[in-house]
Asks: 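My questions will all concern the structure given below.
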Amino acid sequence: SSSDDDGSSDYDFDRIRTPSELKKEIRDMIMPAFRVGLFPNLQRLHIFTSNLYHLGDYMIKNFAKLKQLKVLDIEVDRRPQGSVYLFAAFLELPNLESFMLGTPFIKQGEWEIFDTFPGKQKDLEHLSLRISRRRESRETYKAEGQGIQGILHNLNEMKKLKVLSLRSV
């Protein structure tokens with residue numbers, strides 16, 4: 001939207017929107033920030049966001065273009081929505097040497113995707129996973145324990161791994 005010098009905007013803030021209209025508008029506003037596929041030769045990517053909005057397979061398609069990416073550092077401050085797509089996007093990055101993920105929690109379905117991550121990473125030297133705030137449910141604790149077990153079990157596939165950091169605070 002265009003804006004004049006007086007601060008006015010073409011965006012109609014007074015119009016009442018349906019939940020689906022509002023979701024689409026939010027997606028349209030956030031999507032440009034994740035157009036990482038515009039830079040196929042990118043070797044380092046650091047994403048720090050307060051919230052990860054549900055962007056569907058848009059995230060997967062953009063990350064799939066980053067075949068030269070060596071370092072990926074993602075920090076999500078609040079409850080990540082649509083994280084399952086972000087986790088699936090990680091699987092599209094076979095040449096990572098360093099991977100760092102900070103997130104409030106990881107759900108059961110996301111752990112299942114993340115468990116396949118080590119098998120896709122033949123060059124990974126540094127793996128860091130930090131879960132900053134855990135939910136207080138028994139299912140979440142159980143999923144987290146099983147997820148970490150899965151990662152540890154699959155680490156033998158990472159022949160070049162030199163640094164491992166798993167933290168849950």
Side-chain angles (χ1 to χ4, degrees), residues 30-169:
I30 293 171
M31 285 174 95
F34 291 95
R35 292 181 65 192
V36 296
L38 293 174
F39 309 99
N41 295 322
L42 202 62
Q43 291 191 9
R44 292 178 173 266
L45 177 60
H46 303 277
I47 298 175
F48 299 96
T49 181
S50 61
N51 199 0
L52 183 62
Y53 194 73
H54 190 300
L55 298 175
D57 66 349
Y58 176 83
M59 190 79 79
I60 298 169
K61 290 175 185 175
N62 272 278
F63 273 73
K65 296 174 184 175
L66 302 178
K67 298 298 182 195
Q68 304 300 316
L69 197 66
K70 302 287 185 207
V71 176
L72 178 60
D73 184 357
I74 297 183
E75 184 77 30
V76 181
D77 212 20
R78 295 189 203 133
R79 184 190 186 284
Q81 299 176 29
S83 298
V84 69
Y85 293 100
L86 179 63
F87 281 45
F90 297 158
L91 300 178
E92 300 296 325
L93 303 169
N95 297 316
L96 290 178
E97 294 173 0
S98 178
F99 176 77
M100 294 159 279
L101 173 65
T103 184
F105 63 88
I106 299 175
K107 294 185 279 187
Q108 180 64 40
E110 297 162 347
W111 278 114
E112 292 167 7
I113 294 171
F114 198 70
D115 281 350
T116 63
F117 180 74
K120 304 274 185 183
Q121 301 301 318
K122 303 301 182 209
D123 295 327
L124 200 65
E125 295 179 6
H126 178 208
L127 172 63
S128 177
L129 175 61
R130 184 177 55 79
I131 301 171
S132 58
R133 289 175 292 206
R134 297 187 286 186
R135 287 177 156 179
E136 298 300 325
S137 75
R138 180 176 288 213
E139 293 79 25
T140 301
Y141 288 124
K142 185 177 177 182
E144 181 180 309
Q146 289 173 341
I148 290 174
Q149 261 187 329
I151 290 171
L152 292 173
H153 176 72
N154 292 322
L155 286 180
N156 62 353
E157 297 177 37
M158 294 182 177
K159 301 296 184 202
K160 294 185 178 184
L161 191 65
K162 296 177 184 171
V163 178
L164 174 64
S165 175
L166 300 173
R167 296 187 316 177
S168 180
V169 289

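Quick note: numbers below take in every heavy atom, side chains included, and nothing from hydrogens, waters or symmetry partners.
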Asks: Restricting to non-hydrogen atoms, name the atom on V71 and the atom on H46 that form the minimum distance, rounded to 0.1 Å.
Replies: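 Of all heavy-atom pairs spanning V71 and H46, the closest is CG1-CE1, 4.2 Å.
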
Asks: Looking at CZ of R44 and NZ of K70, how far apart are the two atoms once the value is rounded to the nearest 0.5 Å?
Replies: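 Those atoms lie 11.5 Å apart.
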
Asks: Decide yes or no for D73 and I47: does some side-chain heavy atom of the first lie under 4.5 Å from some side-chain heavy atom of the second?
Replies: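 A side-chain contact is absent here, since even the closest heavy-atom pair is not under 4.5 Å.
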
Asks: Check S98 against H126 and note the closest heavy-atom contact, atom names and distance.
Replies: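 Residues S98 and H126, closest heavy atoms: OG-ND1, 3.1 Å.
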
Asks: Could you tell me if the side chain of V163 sits less than 4.5 Å from the side chain of L127, heavy atoms only?
Replies: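 Not touching, per the 4.5 Å side-chain cut-off.
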
Asks: Counting C-beta onward and ignoring hydrogens, is there a side-chain heavy-atom pair between L166 and L152 closer than 4.5 Å?
Replies: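 SC-SC contact between L166 and L152 confirmed.
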
Asks: Which atoms form the tightest heavy-atom contact between N62 and V36, and what is the distance?
Replies: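 Minimum heavy-atom separation between N62 and V36: OD1-N, 3.8 Å.
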
Asks: Rounded to the nearest 0.5 Å, how far does CZ of F39 lie from CG of N41?
Replies: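 Separation between the atoms: 11.0 Å.
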
Asks: CG/L129 to CD1/I106 distance, rounded to the nearest 0.5 angstrom?
Replies: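 The CD1 atom of I106 is 4.5 Å from CG of L129, to the nearest 0.5 Å.
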
Asks: With rounding to the nearest 0.5 angstrom, report the NZ to CG distance, K120 to L91.
Replies: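 With rounding to 0.5 Å, NZ (K120) is 6.0 Å from CG (L91).
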
Asks: For R35 and Y58, which heavy atoms make the closest approach, and how far apart are they?
Replies: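 In terms of heavy atoms, the two residues are closest at CG-OH, 2.6 Å.
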
Asks: Would you compute the distance between atom CG of D77 and atom OG1 of T103 and round it to the nearest 0.5 angstrom?
Replies: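 Interatomic distance, D77 CG to T103 OG1, rounded to 0.5 Å: 10.0 Å.
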
Asks: Could you give the distance from CD (Q43) to CD (E97), rounded to the nearest 0.5 Å?
Replies: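 The distance works out to 8.5 Å.
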
Asks: Would you please indicate yes or no on a ring centroid separation below 6.0 angstrom for F117 and F99?
Replies: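 For F99 and F117, the ring centres are under 6.0 Å apart.
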
Asks: Should we count NZ of K67 as having more than 12 external heavy atoms under 6.0 Å?
Replies: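 Enclosed: over 12 neighbouring heavy atoms sit under 6.0 Å from NZ of K67.
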
Asks: Under the rule for ring pair (Phe, Tyr, Trp, His ring centres under 6.0 Å), what residues qualify as partners of F63, not counting sequence neighbours?
Replies: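 With neighbours one apart ignored, the set is empty.
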
Asks: For the side chain of E92 and the backbone of L66, is there at least one donor-acceptor N/O pair under 3.5 Å apart?
Replies: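 Side chain of E92 to backbone of L66: no pair is present.
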
Asks: For residues 158-169, which residue pairs qualify under salt bridge (Lys or Arg N to Asp or Glu O under 4.0 Å), counting only residues two or more places apart or in two chains?
Replies: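 Sorted result for residues 158-169: D123-K160.
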
Asks: Ignoring hydrogens, what is the shortest heavy-atom contact between F90 and Q121? Give both atom names and the distance.
Replies: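 The pair with the smallest heavy-atom distance is O-NE2, 4.0 Å.
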
Asks: Could you tell me whether the side chain of E112 reaches within less than 4.5 Å of the side chain of F87, counting heavy atoms only?
Replies: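 No, their side chains stay 4.5 Å or more apart.
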
Asks: Are Q68 and L42 side-chain neighbours, meaning at least one heavy-atom pair lies under 4.5 Å?
Replies: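 Counting from C-beta outward, Q68 and L42 never come under 4.5 Å.
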
